[in-house]
Amino acid sequence: MSKKSLDTALLAIEVLCNIPKSRKIDSQELQQKLADAGYVRDKRSIQRLLKVLAEHFDIEVDDRSKPYGYCWKKNSNGLNIPSLSPQQALVLRLAEEQLKTLLPANIMRSMQGFFEQARSQLSGDNKKLEKQWLNKVAIAPTSQPLLPAKVSGKIFDTISTALFENRYLMVNYQGQYRSHQAKIMPLALVQQGASSYLVARYQDDDTPKHLALHRIKSAELSTMFFDRPTDFVLKNYVNDAHFGFGNGKLIQLRFSVARYAGFHLTETPLSADQQILEQSDQHYRFQATVVDSEMLDWWLAKFGEDIWDIEKIEI
């Protein structure tokens with residue numbers, strides 16, 4: 001088989017894999033899915049391929065209006081490729097919920113066929129143990145839950161593409177008191193509670209800034225690429241409490257707390273070096289090395305009168 005014939009065959013398989021069973025897909029949506037998978041083709045070429053495939057496979061064509069819609073016929077098994085096991089479907093369903101705001105939009109789109117297959121695999125029989133599992137696990141909030149801020153899908157697509165490809169962005173950002181336009185270097189996406197933030201550097205400023213995605217009113221993808229800075233390590237950046245309104249400064253924290261209010265710290269400590277300096281039937285006195293931040297101050301304040309003799313010792 002020639003390389004051209006092999007490429008055509010692989011493209012046909014990718015098209016068949018992206019044709020859904022439960023809804024119709026048009027050539028424009030299919031063009032985007034193929035591009036996400038690395039097959040860049042013009043719409044006319046895809047339409048010609050769809051016409052040929054519909055003649056040889058159980059594909060239903062809705063040609064009542066343009067653009068035409070394509071789906072597998074009702075009783076068709078679709079493309080005969082290995083299906084997901086119930087366990088794999090379960091993992092994909094859980095992953096879809098947790099990763100939809102963290103993965104680049106193009107990767108999420110390229111995964112839609114798998115997500116749809118996972119939903120289909122777990123639909124129907126309510127006695128299926130894997131389906132029941134979805135009603136057996138959850139992530140509970142640790143503070144008052146808020147509805148997520150609304151983010152434009154188009155803007156998120158542009159931002160995630162720039163982040164994925166290391167490309168500059170031109171953004172129009174609406175702050176709390178004023179708006180501004182800027183060319184930025186996107187470094188990371190971080191979800192904190194109900195909001196998602198883009199960590200970025202502005203031109204002539206190496207200090208990372210946090211831009212709430214819902215406050216970005218427009219985003220334009222630049223044709224210019226950048227080399228990702230080696231001095232930015234996201235894990236270290238988050239661990240330094242920059243999202244807790246700190247600057248990475250370590251302190252030795254000491255405090256006394258009522259026993260009933262602080263018992264959970266004996267099970268879930270503040271740090272790996274946490275120590276109990278003293279204890280009684282009424283209280284604990286803890287010592288731990290932590291990053292100083294406003295979030296730490298809020299955490300200490302919530303104990304009210306149950307906490308006393310707080311010391312912050314610079315390291």
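A salt bridge links K312 with D297: the closest approach of a Lys/Arg side-chain nitrogen to an acidic carboxylate oxygen falls below 4.0 angstrom. Under a 4.0 Å N-O distance rule, the pair D309/R254 does not qualify as a salt bridge. Taking 4.0 Å as the cut-off between side-chain N and carboxylate O, E220 and K183 do not count as a salt-bridged pair. Checked for salt-bridge contact, E29 and K24 miss the test: no charged N lies under 4.0 Å from a carboxylate O.
Atoms NZ and CD1, on K302 and I307 in that order, are 10.0 Å from each other to the nearest 0.5 Å. The distance from atom CG of L187 to atom CG of N166, rounded to the nearest 0.5 Å, is 9.0 Å. For the atom pair T266 OG1 and Q279 CD, the distance stands at 9.0 Å (nearest 0.5 Å).
D62 and Y70 share no donor-acceptor pair across their side chains, judged by distance under 3.5 Å alone.
Evaluation of the salt bridge (charged side-chain N to carboxylate O under 4.0 Å, His left out) test over residues 199-208, restricted to residues two or more places apart or in two chains, returns R201-D231, D205-K209.
For the pair L213 and L189, the minimum side-chain heavy-atom distance is below 4.5 Å.
Between Y237 and F232, the ring planes are tilted. Angles from 30° to 60° get that label. Between Y202 and H180, the two ring planes are tilted [angle within 30° to 60°].
A donor-acceptor contact shorter than 3.5 Å links the side chain of T268 to the backbone of H264.
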